[in-house]
Amino acid sequence: MYEILVLLAQAFWLIAPAYAANAFPPLLKGKMPIDCGKSLNGNRILGDGKTIEGTIGGIIFGVLVGSLQILGYNYIPKELGLGAMTLPLALLLSAGAISGDIIGSFLKRRLHIESGRPLFPVDQLDFLLFSLLLASLITSINVWVAVVLVIFTPLIHKIANIIGYFIGVKKNPW
Ligand code: CTP
Ligand code: MG
């Protein structure tokens, strides 16, 4: 039981900047679409849901959360075995999350799925997988940490989106 709690702590500690980067853009209500409104074969390249403001703001917010983790690291019990957060790691996690989400949108548009319409499990896992992929360039990621995140992230994503819908920052509860 204790081992599972430690594993959960390690997993969420590692992924915090990515979650932060992914959660922040809806709050910004950005207006400048990355694809400049352009289409590809009749479908938007990315859509109005991927903006320059959201992209930059998400990465900055992810790095900010990572910075707080760097500052707080010494106050966390060593027994938990949390990995040290660093600025490059926070940046890769955040940029990976934001770019994974953008790649997911690109894929959805190619499948003729409109902006804001759901596609399971792409919406839930695109940001996570790209975040882990980029982070793995500079740190080794425990396979069980990755497994925990793949299992728990869709659930957390669902809860966060329902909350986001009710507080009025997300147009749909998914
Ligand atoms: N957002 C943004 N820039 C990004 C990512 C997200 O501005 N790079 C904002 C947009 O306001 C978007 C909201 O966050 O509507 C929610 O993001 P998400 O659910 O990923 O986008 P969707 O609107 O569902 O669009 P898509 O179908 O392309 O995923
Ligand atoms: Mg998405």
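Read the numbers this way: they start at 1 and go in the same order the structure lists the ligands and their atoms.
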Does some non-hydrogen atom of [X] fall short of 4.0 Å from ligand 1?
| X | result |
| --- | --- |
| Ser115 | yes |
| Lys50 | yes |
| Lys108 | yes |

| field | Between NZ on residue Lys108 and CG on residue Leu46, distance to nearest 0.5 Å | value |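 Separation between the atoms: 11.5 Å.
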| Distance, nearest 0.5 Å, that separates CD of Glu3 from CG of Leu8 |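 Result: 12.0 Å between the selected atoms.
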| query | Counting heavy atoms only, which part of Glu53 comes closer than 4.0 Å to ligand 1: side chain, backbone, both or neither? | reply |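 Looking at Glu53 and ligand 1, no heavy atom falls under 4.0 Å.
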By number and element, which atoms of ligand 1 are closer than 4.0 Å to a non-hydrogen atom of [X]?
| X | result |
| --- | --- |
| Ser105 | 26 (P), 28 (O), 29 (O) |
| Arg109 | 26 (P), 27 (O), 28 (O) |
| Asp101 | 5 (C), 20 (O) |

| said: I'd like to know if the side chain of Ser115 pairs up with that of Arg109 as donor and acceptor (distance under 3.5 Å, no hydrogens or angles considered). | reply: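 Note: Ser115 and Arg109 side chains meet the donor-acceptor criterion.
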| message | For the residue pair Tyr19 / Ser131, report whether a side-chain donor-acceptor contact shorter than 3.5 Å exists. | response |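 No pair is found: no donor N or O on one side chain lies under 3.5 Å from an acceptor on the other.
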| When only distance counts, is Asp123 in polar contact with ligand 1, meaning an N/O pair under 3.5 Å? |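 No; every N/O pair is 3.5 Å or more apart.
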| task | Please confirm whether Gly116 comes within less than 3.5 Å of ligand 1 when only nitrogen or oxygen atoms on both sides are compared. | result |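 There is such a contact, yes.
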| message | Show me the pairs that pass side chain to side chain donor-acceptor pair (under 3.5 Å) and involve residues 85-97, at least two apart or across chains. | response |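 Every pair satisfying side chain to side chain donor-acceptor pair (under 3.5 Å) with a residue in residues 85-97: there are none.
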Side-chain donor-acceptor pairs under 3.5 Å in residues 57-73, sequence neighbours left out?
| residue | atom | partner | partner atom | Å |
| --- | --- | --- | --- | --- |
| Ser67 | OG | Val63 | O | 2.7 |
| Gln69 | NE2 | Trp13 | O | 2.7 |
| Tyr73 | OH | Leu82 | O | 2.7 |

| said: Out of Gly164, Gly49, Ala23, who is nearest to atom 9 (C) of ligand 1 when you count heavy atoms only? | reply: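 The residue whose heavy atom sits nearest atom 9 (C) of ligand 1 is Gly49.
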| query | Do Asp35 and Lys50 pass the salt bridge (Lys or Arg N to Asp or Glu O under 4.0 Å) test, and can you show the C-alpha distance, the side-chain angles, and the key distance before you say yes or no? | reply | CA-CA 8 Å; Asp35 67 7; Lys50 303 298 122 154; over 6 Å; no
